[in-house]
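Following: one structure in structure tokens, then a few remarks.
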Amino acid sequence: MKTFDQLSVIGLREWIALPELGMVGLRAKIDTGASTSSLHASDIVPFERNGQSWVRFVAHLGTQVQRRHRCEAPVVTMKTIKSSNGQAQTRYVIRTLLALGDRAWSVEFTLACRKTMRYRVLLGSKALVQGQLVVNPGLTYVQDKPLIMVPATLPGDQ
């Protein structure tokens, strides 16, 4: 049996933070069948800042108690995603810092309506590869909650 000493183990669900968006204490579901990660967002409005495409949106946090958080981020691209039910949808893609356990790295997220889903954040396989993570699906919340400071202002508010 091969072992992977350089890789960190995570469970099927983990606590994460998105510090550049000012969001901490998010529960994420690990989805190795999805390539790109996804964040629940509504009220998505594209705009331009300094000649670059940006998007303003409301992120929804929590499952029992709903919290709304206004965010802004540069648009990386638009991507057509085929959902598990076979429907194609074009989504905005943003890149932001993901904190999981004692590590942080930049991850691309599609912005999608996930209001009918139990988890507001999905971590796809690209994020797992970039973070050098392996998943033990028999475990949950293996890593400690990220201890990370969040910025006090939105990007571009200087």
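- To the nearest 0.5 angstrom, Ser38 atom OG is 4.5 Å from Arg91 atom CZ.
- Looking at heavy atoms from C-beta onward, Pro74 lies out of side-chain contact with Arg49 at the 4.5 angstrom threshold.
- A side-chain contact (heavy atoms from CB on, under 4.5 Å) with Leu18 holds for exactly one of Leu26, Val107, Val24, Ile94; it is Leu26.
- Contacts of Arg56 classified as side chain to side chain donor-acceptor pair (under 3.5 Å), with partners at least two apart in sequence or in another chain: Glu72.
- Legend: residues meeting side-chain contact (heavy atoms from CB on, under 4.5 Å) with Lys145, ordered by chain and number and at least two apart, are Trp15.
- Take Val75 and apply the side-chain contact (heavy atoms from CB on, under 4.5 Å) test, not counting sequence neighbours, and it matches Ser53, Val55, Tyr92.
- With sequence neighbours excluded, the residues that form a side-chain contact (heavy atoms from CB on, under 4.5 Å) with Asn136 are Val9, Leu139.
- Counting side-chain heavy-atom gaps under 4.5 Å among Ile, Leu, Val, Met, Phe, Trp and Tyr, the cluster of Val93 also holds Val76.
- One hydrophobic cluster holds both Leu111 and Met78 under the rule that ILVMFWY side chains link at heavy-atom gaps under 4.5 Å.
- For the pair Cys71 and Met23, the minimum side-chain heavy-atom distance is below 4.5 Å.
- Ser42 is linked by a side chain to side chain donor-acceptor pair (under 3.5 Å) to His60, counting only residues two or more places apart in sequence or in another chain.
- Here the OG-CG distance, from Ser8 to Leu100, works out to 9.0 Å after rounding to the nearest 0.5 Å.
- Looking at residues two or more places apart in sequence or on another chain, you find a side chain to side chain donor-acceptor pair (under 3.5 Å) between Asp43 and Arg68.
- The side chain to side chain donor-acceptor pair (under 3.5 Å) test applied to Gln143 returns no partner, not counting sequence neighbours.
- Grouped with Val45 in a hydrophobic cluster is no other residue, since no side-chain heavy-atom contact under 4.5 Å to another Ile, Leu, Val, Met, Phe, Trp or Tyr is found.
- Hydrophobic clustering, with ILVMFWY side chains joined whenever heavy atoms are under 4.5 angstrom apart, groups Phe109 together with Leu128.
- For the pair Leu39/Leu21, a side-chain contact is recorded, criterion being any heavy-atom separation below 4.5 Å from C-beta on.
- Between His40 atom NE2 and Leu122 atom CG the span is 12.0 Å, to the nearest 0.5 Å.
- For Thr36, the side-chain contact (heavy atoms from CB on, under 4.5 Å) partners are Lys79, Thr110, Lys126, not counting sequence neighbours.
- With no hydrogens or angles considered, no side-chain donor-acceptor pair links Thr140 and Arg13 at under 3.5 Å.
- Looking only at side-chain heavy atoms (C-beta outward), Asp102 and Asp144 stay at 4.5 Å or farther from each other.
- A search for salt bridge (charged side-chain N to carboxylate O under 4.0 Å, His left out) contacts involving Arg103 returns nothing, not counting sequence neighbours.
- No side-chain heavy atom of Leu123 sits under 4.5 Å from any side-chain heavy atom of Asp31.
- Distance check: Ile16 CD1 to Arg27 CZ gives 11.5 Å after rounding to the nearest 0.5 Å.
- Looking only at distances, no side-chain donor or acceptor of Gln132 sits under 3.5 Å from a matching main-chain atom of Val129.
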